[in-house]
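We name chains A, B, ... by the order of the sequence lines, and we start the count at 1 in each one.
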2 protein chains.
Amino acid sequence: MLALSDTCRAAIMGHGGLCACLSPSALGHLRAIAGDVRIEAGQTLFQTGHAADALFGVRHGAVMLSRSLDGHRRQILSFHFSGDMLGFAAEGRHHCTATALGRASLCRIPLAELDQDLALQRHVHGILARNVGQALDMQVRLGRMNAAERVRSLLNELCSRLGGGRELHLPMRIAEMADYLGLRPETVSREMSALRQAGLVGSFSPDGVLAITDPTGL
Amino acid sequence: MLALSDTCRAAIMGHGGLCACLSPSALGHLRAIAGDVRIEAGQTLFQTGHAADALFGVRHGAVMLSRSLDGHRRQILSFHFSGDMLGFAAEGRHHCTATALGRASLCRIPLAELDQDLALQRHVHGILARNVGQALDMQVRLGRMNAAERVRSLLNELCSRLGGGRELHLPMRIAEMADYLGLRPETVSREMSALRQAGLVGSFSPDGVLAITDPTGL
DNA sequence: CGATACATTGAGGAGGGTCAATCCGGGTGG
DNA sequence: CCACCCGGATTGACCCTCCTCAATGTATCG
């Protein structure tokens with residue numbers, strides 16, 4: 001098992017990552033206080049309304065945050081990959097549910113520990129501010145983009161966040177993309193087919209690998 | 001002119017307000033560092049991309065945050081009323097534009113001052129976390145609600161935030177509601193008419209006053 | 001009193017939802 | 001090794017919600 005600092009450094013994210021831009025001494029402290037969590041695909045890390053007593057950093061795998069409306073309408077709020085943080089809550093209660101998209105491992109930083117560390121606290125504040133910015137991006141997507149634009153912008157986002165050049169490894173299924181974009185799975189599939197016919201992407205293999213034929217064209 | 005503490009105390013908001021839950025001594029300090037800003041209807045407080053060097057608290061009036069897509073598609077991200085804070089930015093740049101809905105007065109807290117005050121900083125962190133929660137509410141609205149549900153939830157939100165019992169004073173026009181809800185003005189108007197015919201709301205006078213006939217029915 | 005700005009209402013059309021059939025790859029069991 | 005099954009992606013046909021465009025109503029202001 002890799003040490004916390006190693007796994008977090010391994011994350012490419014220049015921004016948004018927790019450990020990426022911490023000093024060695026701060027990293028040492030963080031390693032001392034951070035716990036370890038592993039969850040299987042589909043399991044939840046926390047649920048809406050649960051008490052929030054820790055922040056989490058994704059080491060490996062992918063986690064999604066979601067909320068459901070009257071039980072059968074689901075809105076996926078965000079995807080979190082290696083190096084990303086999640087678990088921010090207001091008034092001590094989680095306002096969404098965190099579910100693993102595949103097997104995932106995370107580090108766990110108790111809020112009590114966070115209160116002790118001023119530098120870490122400021123760092124987390126910056127991450128939180130960026131989270132707000134991403135939430136606003138989503139509002140524009142959901143409020144003012146049509147289906148084709150939504151799918152393209154999602155692929156763009158995933159390309160830049162997951163890297164991987166011409167092979168985009170999607171950790172989620174069409175159904176999750178749809179619930180993230182405010183669309184139906186059929187609509188997402190149709191738009192993907194349109195992109196394929198336009199020569200921008202290749203085939204979408206069932207193990208989640210999508211070939212990006214024309215990265216700039218997206 | 002009212003003193004800062006007075007005007008902020010006047011704000012009813014139990015949560016989300018800046019001054020509401022500060023101790024008298026903290027309030028004194030805040031009054032010492034906070035500046036004063038007044039803007040006319042339609043004027044902007046800051047714009048996307050501008051350097052962010054201060055937070056703002058609404059004293060009187062209403063302010064909206066918005067972002068525009070290719071110039072002619074606008075998404076309104078949030079409305080801010082008396083007692084609300086705005087101006088949170090990531091990496092020192094504003095990621096949206098703040099526009100006054102009517103004549104508005106605000107207090108201005110330089111970020112440099114904020115760095116000095118630990119208690120205030122923690123307080124602001126809490127407000128920021130709540131802002132994230134509201135942004136997630138919007139994602140559910142925009143992604144998974146139909147037109148009727150969006151309009152009703154907006155009216156509900158405004159009722160609870162603006163108070164005023166059976167007379168809801170709307171500081172924005174139909175066009176702004178539409179750009180907030182991801183709809184067209186005509187659609188919002190139609191849904192309002194439907195609520196009127198259902199007996200839930202009364203007439204919508206051109207000065208922005210909407211009679212709430214059945215507050216619980218919403 | 002006309003002019004302007006905005007809300008309202010109507011008619012028609014398009015985008016995306018809904019439902020159902022089909023396809024496709026992988027796993028299972030004979 | 002092959003038939004079968006199963007979950008999910010794909011595709012098609014149809015329909016409904018919301019958008020679009022245009023006309024009308026209405027209050028405010030010069």
query = Looking at dT8(C), dG8(D), dC18(D), which one has an atom nearest to any side-chain atom of Arg173(A)?
reply = dG8(D)

task = Would you please indicate yes or no on a ring centroid separation below 6.0 angstrom for His50(A) and His94(A)?
result = no

task = Grab the CG-C1' distance between Leu181(A) and dG17(C) for me, whole Å please.
result = 15 Å

Interatomic distance where CZ belongs to Arg144(A) and P belongs to dC19(D) [whole Å] = 8 Å

task = Could you state the atom-to-atom distance from CG of Leu183(B) to P of dG15(C) in whole Å?
result = 18 Å

inquiry  = Rounded to whole Å, please give me the gap between CG in Leu142(A) and P in dC18(D).
reply    = 15 Å

note = Separation of dC18(D) atom C1' from Asn146(B) atom CG, nearest Å, is 10 Å

Polar pair under 3.5 Å, donor/acceptor by atom type, side chain Glu186(B), base dC21(D) = yes

request  = Select one nucleotide: of dG8(D), dC18(D), dT10(D), the one nearest the side-chain heavy atoms of Ser193(A).
outcome  = dT10(D)

note = The nucleotide from dG25(C), dT18(C), dT10(D) with an atom nearest the side chain of Arg196(A) is dT10(D)

inquiry  = Any donor-acceptor pair under 3.5 Å linking the side-chain atoms of Thr216(B) with those of Asp214(B)?
reply    = yes

query = Rounding to a whole Å, what distance do you find between Met145(B):CE and dT17(D):C1'?
reply = 17 Å

Check: dG10(C) base within 3.5 Å donor-acceptor of Arg190(B) side chain = yes

request  = Provide, to the nearest angstrom, the distance between the CE atom belonging to Met177(B) and the P atom belonging to dC18(D).
outcome  = 17 Å

Gap between atoms CD and P, on Gln197(A) and dT11(D) respectively (whole Å) = 7 Å

message = As a test of understanding, state which of Arg73(A), Arg74(A), Arg67(A) forms a salt bridge (Lys or Arg N to Asp or Glu O under 4.0 Å) with Asp70(A).
response = Arg73(A)

note = Closest of dG16(C), dC6(C), dT20(D) to the Arg184(B) side chain is dT20(D)

task = Indicate whether any N or O donor in one side chain lies under 3.5 Å from an N or O acceptor in the other, for Arg141(B) and Ser153(B).
result = yes

